2 protein chains.
Amino acid sequence: MATEKILVIEDEEPIRELLKLTLESAGYSGVYMAANGENGLSLAQSRLPDLILLDLMLPGMDGLSVCRQLKSQEETRAIPIIMLTARSEESDVIIGLELGAVDYITKPFSRKILIARIRAQLRQFSDVEESNEIRRDGLMIRIDQHEVRLHGKLLDLTPSEFSILHMLVSYPGRVYTRNQIITRVKGDGYPVTERAIDVQILNLRRKLGDWAVNVDTVRGVGYRYKQESTE
Amino acid sequence: MATEKILVIEDEEPIRELLKLTLESAGYSGVYMAANGENGLSLAQSRLPDLILLDLMLPGMDGLSVCRQLKSQEETRAIPIIMLTARSEESDVIIGLELGAVDYITKPFSRKILIARIRAQLRQFSDVEESNEIRRDGLMIRIDQHEVRLHGKLLDLTPSEFSILHMLVSYPGRVYTRNQIITRVKGDGYPVTERAIDVQILNLRRKLGDWAVNVDTVRGVGYRYKQESTE
DNA sequence: ATACTACCCTCAAAATTTTCGTTGTGACAT
DNA sequence: ATGTCACAACGAAAATTTTGAGGGTAGTAT
């Protein structure tokens, strides 16, 4: 039985119920519900959930504002946020990701996808951070040596390729926009076309060979490391 | 009459006296003295001086540790530190700069240089920060446009050249090591030779033409923007 | 189904950055 | 003064990154 607490912020009653049932049947016992941004924020602060499902289209304070608030406060900053969004709100998705949300799901969604995405995010916390080594499906990254091995064989990556791969692989399932990648790799405000990232990804995929299947293109949004679609 | 508070941390009695007299005769009325690192730290915290002169060679807690402490605390982090050092302690100087000290003076020093360096640092606070424009001797930098004009004429700088110039010009008199430049321009841990910075500086000087006289090489240490030597 | 549109992929040229080998220069000791 | 050493300047080639254009493709509308 999963013990993680999940907060759902969603105004539409039927969807809220659907989410609640889906989550509970997936074994999550600590599910909190909020029907608007204000309640969502205060619940987030009082319950400190392990994950937040946030509808972007809310009455009153909209989802992006809620996201911004959550990210601006120390206690809630680290909580992963998955956005729920209509197909048409793609530009909001990008803004949300750049604010720090980790993923998004478009409505209507299948229960399987919903659960898979949530699991992917919660799984994070087991093996996170600050180690000098990351291993993923036969790929090994030694961070301070700037060294990548695939099935033991050393890959010859350029500095940018290394950074991008490291960024993607650090948070499986998290989508990064091209702008986030540029900011991370070249610094903020670096004057550069988004196409440059495509090319870096292209070359990276070539060097990764078969393993490149783990680098997903998220159309209209950016790139991510391995979100097995389960679709 | 200068009203800035200056804290001197220096163990040798005669030098301490010399510094006190020099500073006071230069018009600085708020001069505090400490003979060791511990006292220095506590004075720094209680008086919050506008500038600290820090001898690197101290009994007990050494100067670099004091520097590290000062930089690790919110209240004192922003106080500019000028290190006092014997000619032979060059590697300590580099460490100090990378910890965040802004300048250093080798002993023995002339009073004129001492005062000039101190003035240069304190002057900072008048015109600091967060504007989108920096002007210095006919050079104008528009930060968010990534645009540099020399006597009105637009210079064609590469992104790295721009960053380096911006970095240097932001703090007149502050010495930056090649490593600091690499970290700022390419990000931390970027695998690159220090020689690469020489070349960037070389090309920058070419594009700057006559104005390049303002870009000083500090032998054995790094580069800085215009410290009129007064020597 | 077909067309349309927006977006991604790809390639090769152009721009930038880095490396490396030499040469120049300052600081210091002889 | 001269030699020596360490470091900076410089040039040219190599490596990397970026651009820009064209072709392909997924997703949507017709």
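Worth saying up front: this structure is predicted, and the values here are computed from it rather than measured. Order of the sequence lines fixes the chain letters, A, B, ..., with proteins taken first and strands second; residue numbering starts at 1 for each chain.
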Peer 1: Whole angstroms only, please: what is the CD1-P distance between B:Ile201 and C:dT19?
Peer 2: 16 Å

Peer 1: Between side-chain atoms of residues 183-193 of chain A and protein atoms elsewhere (two or more places apart, or another chain), which donor-acceptor pairs fall under 3.5 Å?
Peer 2:
residue	atom	partner	partner atom	Å
A:Thr183	OG1	A:Asn179	O	3.0

Peer 1: Measure CD/B:Glu194 against P/C:dT19 and give the value in whole Å, please.
Peer 2: 11 Å

Peer 1: For A:Glu17, which residues count as a salt bridge (charged side-chain N to carboxylate O under 4.0 Å, His left out) partner, sequence neighbours excluded?
Peer 2: none

Peer 1: Within the structure, does a side-chain N or O atom of B:Tyr223 lie under 4.0 Å from either OP1 or OP2 of D:dA9?
Peer 2: yes

Peer 1: Partners of B:Asp198 by salt bridge (charged side-chain N to carboxylate O under 4.0 Å, His left out), sequence neighbours excluded?
Peer 2: B:Arg178, B:Arg195

Peer 1: Please report, rounded to the nearest Å, how far the C1' atom of C:dT18 is from the CD1 atom of B:Ile197.
Peer 2: 10 Å

Peer 1: Quick one: which residue pairs count as a ring-ring contact (aromatic ring centres under 6.0 Å, His included) with a foot in residues 142-161 of chain A, not counting sequence neighbours?
Peer 2: A:His146-A:Phe162

Peer 1: What residue pairs, at least two apart or across chains, pass side-chain hydrogen bond (donor to acceptor under 3.5 Å, both in side chains) with a residue in residues 92-101 of chain B?
Peer 2: B:Glu98-B:Thr177

Peer 1: What is the distance, to the nearest angstrom, from the OH atom on A:Tyr176 to the P atom on C:dC8?
Peer 2: 18 Å

Peer 1: Within the 4.0 Å limit for protein heavy atoms, which parts of nucleotides 23-30 of chain D are touched? Write it as a string from 5' to 3', B for base, S for sugar-phosphate only, - for none.
Peer 2: ---BSS--

Peer 1: To the nearest 0.5 angstrom, please state how far the CE atom of A:Met83 sits from the CG atom of A:Leu56.
Peer 2: 5.5 Å

Peer 1: Look for any protein N or O under 3.5 Å of an N or O in nucleotides 10-17 of chain D and output each such pair with its distance, or none.
Peer 2:
residue	atom	partner	partner atom	Å
D:dG11	OP2	B:Arg206	NH2	2.1
D:dT17	OP1	A:Ser160	N	2.9
D:dT17	OP1	A:Ser160	OG	2.5
D:dT17	OP2	A:Thr158	OG1	2.3

Peer 1: So, is A:Thr193 near the phosphate of D:dT19, with a side-chain N or O under 4.0 Å from OP1 or OP2?
Peer 2: yes

Peer 1: Excluding sequence neighbours, so at least two apart, what forms salt bridge (charged side-chain N to carboxylate O under 4.0 Å, His left out) with A:Arg77?
Peer 2: A:Glu74

Peer 1: Taking side chain to side chain donor-acceptor pair (under 3.5 Å) as the definition, give me every residue that meets it alongside A:Arg205, ordered by chain and number, with sequence neighbours left out.
Peer 2: A:Thr217

